[in-house]
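Letters A, B, ... are given to chains in the order of the sequence lines, protein chains preceding strands, and every chain is numbered from 1. In this text, all values refer to a predicted model and were calculated from it rather than measured experimentally.
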Number of protein chains: 2
Amino acid sequence: MNKDIEIEFSEKAEIFKALAHPTRLFIIHAVKDKIMLVKELTKLVGIDISTMSKHLDILKRHKIIEGKRNKNFIYYRLAIPCVLDFMSCAMKVISKK
Amino acid sequence: MNKDIEIEFSEKAEIFKALAHPTRLFIIHAVKDKIMLVKELTKLVGIDISTMSKHLDILKRHKIIEGKRNKNFIYYRLAIPCVLDFMSCAMKVISKK
DNA sequence: ATTCTATTTGGTGATTTTGCCAATCATAAT
DNA sequence: ATTATGATTGGCAAAATCACCAAATAGAAT
């Protein structure tokens with residue numbers, strides 16, 4: 001792989017890495033039709049809130065979700081609904097419902 | 001997350017993990033319209049052949065590619081072309097060409 | 001049977017990712 | 001100004017991933 005190709009595929013891989021964690025996939029499904037708070041998500045998943053915050057940060061940095069502040073609450077929502085399309089496509093084909 | 005949900009999202013995450021590496025994405029593109037040998041792929045990417053073999057194994061285990069033996073060569077090809085669709089969709093939307 | 005080529009497997013150190021705790025920051029309420 | 005609540009950040013240990021080397025396997029050819 002030459003340098004350009006190398007960079008191209010590394011960037012693409014970054015996106016898959018951002019999605020490659022059960023908690024982060026759960027978050028995507030949770031915020032797909034309902035704006036949610038960090039605390040709510042944390043409770044649903046059952047992990048430390050600092051861990052949740054870091055997962056949210058990863059998704060945010062890749063522009064997969066968006067956070068909006070109101071008072072001192074931060075509401076998260078799905079930024080690119082298309083993510084759901086290719087996720088369900090992937091799952092159907094690879095046969096995990 | 002209860003146990004079932006946990007398992008569901010872990011399984012889904014496994015697929016994204018399988019795709020979350022530049023070399024493995026490169027392999028998918030390389031075999032999408034041309035059946036290829038391990039050695040050929042190794043040369044193209046420029047890594048140790050044992051490393052390549054392990055990457056191929058990961059894709060194989062997730063049924064993303066298929067290997068067929070002829071003599072003592074193993075030819076790899078893309079098993080689920082749909083992977084390309086959702087990859088290009090993902091990339092377009094997330095704005096990495 | 002031995003040798004040769006293609007590929008896989010085992011092992012190990014290096015790097016990355018993950019998750020918790022503690023500390024900090026941001027905003028609101030008193 | 002102090003306190004309280006929601007969220008993020010820094011640090012560290014545990015776990016997972018990665019890449020190389022060396023050794024093993026599979027099959028073909030001699």
Side-chain angles (χ1 to χ4, degrees), chain A residues 1 5-7 9-28 30-31 34-77, chain B residues 1 5-7 9-28 30-31 34-77:
Chain A
M1 278 202 275
I5 303 279
E6 163 78 39
I7 289 171
F9 284 103
S10 292
E11 284 177 348
K12 289 182 176 179
E14 282 306 310
I15 295 166
F16 286 101
K17 277 199 225 173
L19 297 170
H21 191 288
T23 297
R24 294 197 289 272
L25 292 182
F26 179 87
I27 293 169
I28 290 170
V31 302
K34 185 175 180 304
I35 289 169
M36 295 193 87
L37 300 174
V38 181
K39 215 176 178 182
E40 292 180 299
L41 290 165
T42 302
K43 194 159 193 180
L44 281 176
V45 177
I47 56 176
D48 193 272
I49 194 167
S50 68
T51 304
M52 176 56 78
S53 184
K54 282 170 186 173
H55 282 305
L56 290 167
D57 186 54
I58 290 170
L59 292 173
K60 217 186 321 177
R61 282 207 308 274
H62 289 86
K63 310 211 188 295
I64 295 166
I65 61 171
E66 264 175 23
K68 198 162 198 170
R69 174 164 233 131
N70 184 313
K71 310 250 180 185
N72 61 343
F73 297 86
I74 299 183
Y75 296 88
Y76 280 98
R77 68 181 193 78
Chain B
M1 279 203 275
I5 303 280
E6 162 78 38
I7 289 171
F9 284 102
S10 291
E11 284 177 349
K12 288 183 177 180
E14 282 306 310
I15 295 165
F16 286 100
K17 278 199 226 174
L19 297 171
H21 191 287
T23 297
R24 294 196 291 272
L25 292 182
F26 178 86
I27 292 169
I28 289 171
V31 301
K34 185 175 180 304
I35 290 167
M36 295 192 87
L37 300 175
V38 182
K39 212 175 179 184
E40 291 180 300
L41 289 166
T42 302
K43 193 158 195 182
L44 281 176
V45 178
I47 56 176
D48 193 272
I49 195 166
S50 69
T51 303
M52 176 55 78
S53 184
K54 281 170 185 172
H55 282 305
L56 290 166
D57 186 54
I58 290 170
L59 292 173
K60 219 187 321 178
R61 281 207 311 274
H62 289 86
K63 309 211 188 294
I64 295 166
I65 61 172
E66 263 175 23
K68 197 161 200 171
R69 173 164 233 132
N70 183 313
K71 311 256 178 177
N72 59 344
F73 298 86
I74 300 185
Y75 296 87
Y76 282 98
R77 68 180 193 80

| said: Does T23(B) form a side-chain contact (heavy atoms from CB on, under 4.5 Å) with M52(B)? I'd like the steps, not just the answer. | reply: CA-CA 8 Å; T23(B) 297; M52(B) 176 55 78; 4.2 Å; yes
Open item on the list: Could you tell me if the side chain of L19(B) sits less than 4.5 Å from the side chain of I28(B), heavy atoms only?
Closed with: yes
The correct set of residues in residues 34-44 of chain A placing a heavy atom under 4.0 Å from DNA chain D is L37(A), V38(A), K39(A)
Heavy atoms of A18(A) and I64(A) approach each other most closely as CB-CD1, 4.1 Å
inquiry  = Does a side-chain N or O of T51(B) approach OP1 or OP2 of dC20(D) to a distance below 4.0 Å, or not?
reply    = yes
Expected string for nucleotides 25-30 of chain C under the B/S/- scheme (protein heavy atoms, under 4.0 Å, primed atoms plus P, OP1, OP2 as sugar-phosphate) is -BBS--
Rounding to 0.5 Å, atoms CD (E14(B)) and NE2 (H62(B)) come to a distance of 5.0 Å
**Request:** Using a 4.0 Å heavy-atom cut-off across all strands, classify Y76(A) as base, sugar-phosphate, or nothing.
**Result:** sugar-phosphate
Taken to the nearest whole Å, CD1/I74(A) to P/dA7(D) is 7 Å
The reported gap from OG1 in T42(A) to CG in L56(A) (rounded to nearest 0.5 angstrom) is 7.5 Å
From CE of M52(A) across to P of dC20(C) the rounded distance in Å is 11 Å
Separation of dT8(C) atom C1' from L59(B) atom CG, nearest Å, is 15 Å
Separation of dT17(D) atom P from R61(B) atom CZ, nearest Å, is 10 Å
From CD1 of I65(B) across to C1' of dT7(C) the rounded distance in Å is 13 Å
Tightest non-hydrogen contact, residues L41(A) and A30(A), listed as CD2-CB, 3.7 Å
Regarding the side chain of S50(A), the nearest nucleotide among dT8(C), dC18(D), dC20(C) is dC20(C)
Rounded to whole Å, CD of E14(B) lies from C1' of dT17(C) at a distance of 14 Å
Look at H55(A) and dT17(C) and indicate whether a side-chain polar atom (N or O) is within less than 4.0 Å of OP1 or OP2. no
Smallest heavy-atom separation, R24(A) atom then K17(A) atom, equals NH2-O, 3.1 Å
task: Using a 4.0 Å heavy-atom cut-off across all strands, classify K17(A) as base, sugar-phosphate, or nothing.
output: sugar-phosphate
On a heavy-atom basis, the closest approach of L44(B) and M36(B) is CD1-CE, 3.6 Å
Parallel, tilted or perpendicular: which one describes the rings of H55(A) and H21(A), with boundaries at 30° and 60°? tilted
Presence of K54(B) side-chain N/O under 4.0 Å of dT7(C) phosphate oxygens OP1/OP2: no
For this session: Using a 4.5 Å cut-off on heavy atoms from C-beta on, say whether the side chain of I27(A) contacts that of Y76(A).
Result: no
Here the distance between atom P of dC21(C) and atom CD1 of I47(A), to the nearest Å, is 12 Å
Atom CG of D48(B) and atom P of dG11(C) are separated, to the nearest Å, by 17 Å
Among the nucleotides dT18(C), dA7(D), dT9(C), whichever has the atom closest to the side chain of S53(A) is dA7(D)
Practice item. Could you check whether I49(B) gets within reach of a base, just the sugar-phosphate, or nothing at all, counting any heavy atom under 4.0 Å? Key: base
